[in-house]
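Here's the structure we're looking at; comments come further down.
Residue indices begin at 1 and follow the sequence shown.
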Amino acid sequence: MSVLETQPPAFTPDGAAEVAAKAFGLAGGAATDLGSERDQTFLIESPAGDAVLKISNTGEDPAVLDLEHEAILHALRVDPELPIARPLGRSVHGDHQVRLFERLHGRKGGPELDDDAVRAYAQTHARLNLALRSFFHPAAGRELLWDLARTPQLRPLLPSIADERRRALVERAIDRFEERVAPAWPRLRAQVVHGDLNTDNVLLDERHRIAGIVDFGDCSHSAQAADFAVALASLLRGRPVEDVFRVGRIAVDGYASRIPFEQLELDLLGDLVAARLAMIVAISAWRSARYPENAAYIQAWDDDSWTLLEHFDALGADAVARELGAAAPAVPTRELAARRDRAVGGILTGLTYAEPVHLARGEGVWLLGPGGERFLDSYNNVPVVGHCHPRVTEAVVRQTRALNTHARYLYEPLVELAERLLATMPAEAALDTVMLVNSGSEANDVAWRIAVGATGNRGAIVTEHAYHGVTDAIADLSPEEWPHGFRPASVATIAPPGSGADVAVELDRALGELDGLAVTMIDGAFTSDGVRVATRDEMAALVRRTHDAGGLFVADEVQAGHGRTGEHLWSFAAHGLVPDLVTLGKPMGNGYPVAAVVTRREILDRFAFAGTVFSTFGGNPVAARAALAVLDAIEDERLVVRAAAVGARLRERIAALGAPGVVEVRGRGQITGVELESPELAERVVNRLREERILIGRTGRRDDTLKIRPPLVSGDEHADLLVDALARALA
């Protein structure tokens, strides 16, 4: 027989005082009944000291009582500061197990708890679960109707609910549980939990913080989210309906500050709270009918539980779930595209493909749509170590929980990243100083400011279709973005090395157009120029002629760096160059905004603003940890070598197609350009591949070159998928 079906003990206060005296030596004490659902609990005040006596139901399994006892002791060993009532003794009185507990002082609370108190309540709950997560006991698998896993077992109790409308409301909550929660229950994190950390089982201090945790009577092995839902239901009952979800989210935040939720737990939290409310009213109706003498205690929270359950039902289960953190359903693609257009207008670059790619998440080389459809990402050079790489995402999350601030404070990640970047630079470059910023555009802007300040000149040389960023100054150095007919007087362009033009002649012409050279800025992969492969001599000539003209050479590694070219972390190193400044960005944080300028201190000493450049978020601890994790992943997974091998295979296979319309295949490492005979053909091929869920882009002065730059974790099998689809598109 279930303990809920066994007659509760019926000791009088005098009888309880007698038990306390005989079993625990508390002679001369007075007993006050504190109320209980299936046991009896008394406050004992005696000359020998005060304590709380618990007389257990005869239906209780002694092993379960041992579970409760050991759980308390374990939690206190792990976290001695938890305000748990300590067990003082155990005994037997007739047919009853009796236990004595430390008396803790405080008061009961409920809907009057303010936001800070709610947050602290949930934090303490999480602390308790952290303390219990390493605990095991053979009796923890007990069968207990109050465990939310047993929600479907409420159905036989429903006839006890006299009101037909309310009975139907509980049935809907059970139906929802069986439909959504029960199938997912095995995937929820589970452990031994208190099981009933509601406001009746805690004592609060004058600030409404938990000062005492009592009554482990529902302790069992259950889902952690279900255990939290029990407390959350208690915190929400009795509140004005307009305040329910706001307070609920504060409680979620409090718990998550110690134990972050998994998305599945948040998706089911609303249903778990509804199941708890349904359980309260169903068990209450059933037990009140069986034990009318204890109905006042049993039904104490019925009215507020019904009110909240009715509010949930009126809103709809899906809406409740979203209010408490469940993921919203995907917006249809066309609707989302229309909203995007209305919200950002024409200022944001348009969507890449004729049929928009609507995404929900990423994993490695794959991007996934809201319906789970998979796209092979061979286009985006930001997730250099693959979308959502666990090393990077965990580094970001851990550091976010610990600290995130600006660089005017001292913290280790910024210094560690700067030192790590310097260590990757070739020794002959003598680069010794790092400035951390937020984006490649900002890095190039800082490099430009340094060059202008150090040289006293304002002229720049870039390749004819280069892209270096979007700031006011750097947009002038990005011909790819120039409006028709626009050409800044301070900027001269050259044909990209590797395109057949004579570099020396190009430089002489460009220098003749300028009144003093501050900088030559070069993307080592010539990405926007159609992906070009320069020789060492061509690149050496660029640097030499730049220095001869009094300018500084900037190796823009924003697109070509972090192993993209398959020879070294930095493309300039493969050419044996000694740049004056190196700029990093895009893949540096694998999607987290972080960038850098690397230079020599002697150059900064000539810069008028030396020592005063500051970026609020540049090098913040989270960004630095992301960048460090990227460097670790590249090194540990040997991604530079992988990029060289897979990229070479990709180009060989494309060239071997002998497909009509292909002019040239070129590239290094995992950046490949496939020049086609026309921009129209390139556009058709890109959209045809998108139809096959393979993503690439276009580049080059005429937009006639297919741009292929997959994450460096891409393998031969992914290259083969792309080539086979490309063959079909070109056919």
Side-chain angles (χ1 to χ4, degrees), residues 20 26 29-37 39-46 48-54 68-89 99-133 135 192-219 227-228 230-239 247-248 250-259 297 300-301 304:
L26 297 180
T32 303
D33 193 343
L34 299 178
S36 184
E37 180 202 23
D39 305 313
Q40 277 191 296
T41 305
F42 294 89
L43 171 63
I44 306 297
E45 297 173 291
S46 79
D50 297 348
V52 174
L53 179 73
K54 188 159 188 174
E68 298 174 26
H69 180 82
E70 294 300 328
I72 293 171
L73 296 182
H74 180 90
L76 288 170
R77 282 194 296 271
V78 173
D79 187 348
E81 299 303 314
L82 277 170
I84 301 174
R86 298 171 183 272
L88 302 177
R99 292 169 290 166
L100 196 68
F101 291 90
E102 171 187 19
R103 180 189 182 179
L104 297 177
H105 293 274
R107 54 188 174 184
K108 295 293 180 73
E112 76 281 2
L113 270 64
D114 63 20
D115 294 354
D116 289 342
V118 167
R119 185 179 291 106
Y121 192 111
Q123 287 174 330
T124 301
H125 191 173
R127 279 180 58 195
L128 178 58
N129 276 343
L130 286 171
L132 288 173
R133 66 181 175 179
F135 176 67
V192 175
V193 296
H194 180 281
D196 196 16
L197 200 72
N198 71 65
T199 53
D200 276 344
N201 286 333
V202 299
L203 299 171
L204 305 173
D205 63 18
E206 66 281 355
R207 297 174 57 236
H208 289 160
R209 303 307 192 263
I210 294 180
I213 300 173
V214 300
D215 195 354
F216 276 64
D218 287 348
C219 182
D227 181 57
F228 174 69
V230 169
L232 184 56
S234 175
L235 290 168
L236 299 183
R237 290 179 311 200
R239 292 184 178 272
V247 171
I250 288 172
V252 168
D253 291 344
Y255 192 92
S257 69
R258 302 298 179 94
I259 305 179
Y297 182 90
W301 284 104
D304 288 333

Asn201 side chain vs Asp196 backbone, donor-acceptor pair below 3.5 Å = yes

Can you tell me how far CZ of Phe216 sits from CD1 of Ile84, rounded to the nearest 0.5 angstrom?
-> 4.0 Å

Quick one: OH on Tyr121 to OG on Ser234, what's the gap to the nearest 0.5 Å?
-> 5.0 Å

Kindly give the heavy-atom pair with the smallest separation between Asp215 and His194, and that separation in Å.
-> O-NE2, 2.9 Å

Measure from the side-chain N and O atoms of Lys54 to the backbone N and O of Thr41, and report whether any donor-acceptor pair falls under 3.5 Å.
-> no

Nearest 0.5 Å, what's the CG-CG distance between Asn129 and Asp227?
-> 5.0 Å

Rounded distance (nearest 0.5 Å) linking atom CG of Leu53 with atom CZ of Arg99 = 10.0 Å

Which pair of non-hydrogen atoms, one from Ala131 and one from Leu82, has the smallest distance, and what is that distance?
-> CB-CD1, 3.8 Å

Please name the pair of heavy atoms, one in Leu26 and one in Ile44, separated by the smallest distance, quoted to 0.1 Å.
-> CD1-CG2, 3.9 Å

Mind running salt bridge (Lys or Arg N to Asp or Glu O under 4.0 Å) on Glu81 and Arg127 for me, showing each step along the way?
-> CA-CA 10 Å; Glu81 299 303 314; Arg127 279 180 58 195; over 6 Å; no

Where do Leu236 and Val247 land on the side chain to side chain contact (heavy atoms under 4.5 Å, CB included) test, with the steps shown first?
-> CA-CA 7 Å; Leu236 299 183; Val247 171; 4.1 Å; yes

Rounded to the nearest 0.5 Å, what separation is found between the CG atom of Leu128 and the CZ atom of Arg133?
-> 12.5 Å

Mind checking the CG-NZ spacing from Leu204 to Lys108? Nearest 0.5 Å is all I need.
-> 9.5 Å

Closest heavy-atom pair and its distance - Ala251, Leu235 | CB-CD1, 4.2 Å

Looking only at heavy atoms, which two atoms of Pro87 and Ile72 are closest? And how far apart?
-> CD-CG2, 3.6 Å

Is there a side chain to side chain contact (heavy atoms under 4.5 Å, CB included) between Leu113 and Arg239 once you walk through the steps?
-> CA-CA 10 Å; Leu113 270 64; Arg239 292 184 178 272; 3.7 Å; yes

Note: Cys219 and Val192 closest approach over all heavy atoms is SG-CG1, 3.6 Å

Any donor-acceptor N/O pair, Asp33 side chain to Phe42 backbone, under 3.5 Å = no

Just do the side chain to side chain contact (heavy atoms under 4.5 Å, CB included) check on Val193 and Phe228 with the steps written out, would you?
-> CA-CA 9 Å; Val193 296; Phe228 174 69; over 6 Å; no

With no hydrogens and no angle check, is any side-chain donor or acceptor of Arg119 less than 3.5 Å from a backbone partner on Asp114?
-> no

Check against side chain to side chain contact (heavy atoms under 4.5 Å, CB included), Ile210 and His125 | CA-CA 9 Å; Ile210 294 180; His125 191 173; over 6 Å; no

